[in-house]
Amino acid sequence: MNIYEFGPIKLLVNAANWAVTHLSALLEPLAGAESAALAVIALTVFVRGCLIPVGRSQVKATVTRQRLAPQLAEIQRKYAKKPEELQRRTMELYKTEKASPFAGCLPVLAQMPVLMAVYGLFVLQRIGGEPNELLGHTLWDVPLSSKFLPSLFAGDATLVSTLLMLVIMVVIAACAATSRKLLMPPTPAPAANPASQPAGIAGEVRMPDLTGVTKVLSFMPFMTAVIATFVPLAAALYLMTTTAWTLGERLILNRIYGVKPGAQTEVSSQS
């Protein structure tokens, strides 16, 4: 099944196509042939701006986890040899504080259809049964439809397209490195090896070990730099812009809400 044929996603793609087409025409007197590429960046900024509330909910969830970190560490210290009790006490703490280890996840999932639709605008060859006009434009004579790595293997890559892709990859990688260093979100430390934990009380909710997931996700932005070499240039511009926006947004929101740098290791370092 083609996800872009799904009704709501298809509607969002058509709306994004209408927006970027008119935005490109509006920018043409100022940017000339590069107006479409500039429209891609402008549309990405606009969409990410509309999704700021999602970023705000994520940061609030981070603040909550940091606030609970000392109590979680104390619970782990006390009940490290009693996995069942540790699980129960941990979930009781979250319940008492009206918090959740998954806080901030649902808003992230809610934004996915929007970002998926915007991304589809830059990779689909046809939209609404018509050729995707956006991909017919160029940036410094490099077609927005061109995919760098396939072009390189085919011997069609030019000096300009190579330098352009290097800039995109450097920006994405730099944002990824900065994000991983400063913004890796805190996760509650695992109670014990799950295999060693007893079955527990029926219906008891166990605290999941999110440490491995968090570490894997922290490397995902670096994969974005690799993905950029396989997708059309328009999509690569989108990936670069959204990665840079994510970093800037999180740094600003962290400052506003008082997220403490390095607090993500507090739980594990005290255990």
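Because the structure is predicted, anything quoted here is derived from the model rather than measured. FYI, the numbering just counts along the sequence from 1.
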Should [X] and [Y] be counted in the same cluster of Ile, Leu, Val, Met, Phe, Trp and Tyr side chains packed under 4.5 Å apart?
| X | Y | answer |
| --- | --- | --- |
| V231 | V20 | yes |
| F153 | L233 | yes |
| I52 | I252 | no |

Calculate, to the nearest 0.5 Å, the distance between atoms [atom1] and [atom2] belonging to [X] and [Y] respectively.
| X | Y | atom1 | atom2 | result |
| --- | --- | --- | --- | --- |
| Y238 | L144 | OH | CG | 16.0 Å |
| L152 | T229 | CG | OG1 | 9.5 Å |
| L149 | I227 | CG | CD1 | 12.5 Å |
| M91 | I75 | CE | CD1 | 11.0 Å |
| D156 | F148 | CG | CZ | 11.5 Å |

Show every donor-acceptor pair shorter than 3.5 Å between a side-chain atom in residues 36-46 and any protein atom, with sequence neighbours excluded, or say none if there are none.
unit_1: T44; atom_1: OG1; unit_2: V40; atom_2: O; d: 2.8

Close side-chain approach of L237 to L139, heavy-atom, < 4.5 Å: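 Yes, at least one pair of side-chain atoms sits under 4.5 Å.
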
- request: Using a 4.5 Å cut-off on heavy atoms from C-beta on, say whether the side chain of L51 contacts that of W245.
  value: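 No, side chains not in contact.
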
Measure across [X] and [Y] and return the closest heavy-atom pair with its distance rounded to 0.1 Å.
| X | Y | answer |
| --- | --- | --- |
| L86 | Q76 | CD1-CA, 3.6 Å |
| R56 | L253 | N-CD1, 3.7 Å |
| C50 | P53 | O-CD, 3.4 Å |

message: Suppose the criterion is side-chain hydrogen bond (donor to acceptor under 3.5 Å, both in side chains): which pairs have a residue in residues 143-155, not counting sequence neighbours?
response: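 Listed once each, the pairs would be none.
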
Summary of side-chain hydrogen bond (donor to acceptor under 3.5 Å, both in side chains) pairs that have at least one residue in residues 26-36, sequence neighbours excluded: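 Matches after skipping sequence neighbours: S24-S35.
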
task: List in chain and number order the residues that pass side chain to side chain donor-acceptor pair (under 3.5 Å) with T242, two or more places apart in sequence or in another chain; answer none if no residue qualifies.
output: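 Per chain and number, T242 pairs via side chain to side chain donor-acceptor pair (under 3.5 Å) with R48.
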
Donor-acceptor contacts, no H, no angles, side chain residues 116-136, under 3.5 Å, sequence neighbours left out:
unit_1: R126; atom_1: NH2; unit_2: G129; atom_2: O; d: 2.5
unit_1: N132; atom_1: OD1; unit_2: L134; atom_2: N; d: 3.2
unit_1: N132; atom_1: ND2; unit_2: L121; atom_2: O; d: 2.8
unit_1: N132; atom_1: ND2; unit_2: L124; atom_2: O; d: 2.8

Side-chain donor-acceptor distances from residues 158-174 under 3.5 Å, at least two apart:
unit_1: T158; atom_1: OG1; unit_2: S161; atom_2: N; d: 3.1
unit_1: T158; atom_1: OG1; unit_2: S161; atom_2: OG; d: 3.2
unit_1: S161; atom_1: OG; unit_2: T158; atom_2: N; d: 2.8
unit_1: S161; atom_1: OG; unit_2: T158; atom_2: O; d: 2.9
unit_1: T162; atom_1: OG1; unit_2: T158; atom_2: O; d: 2.8

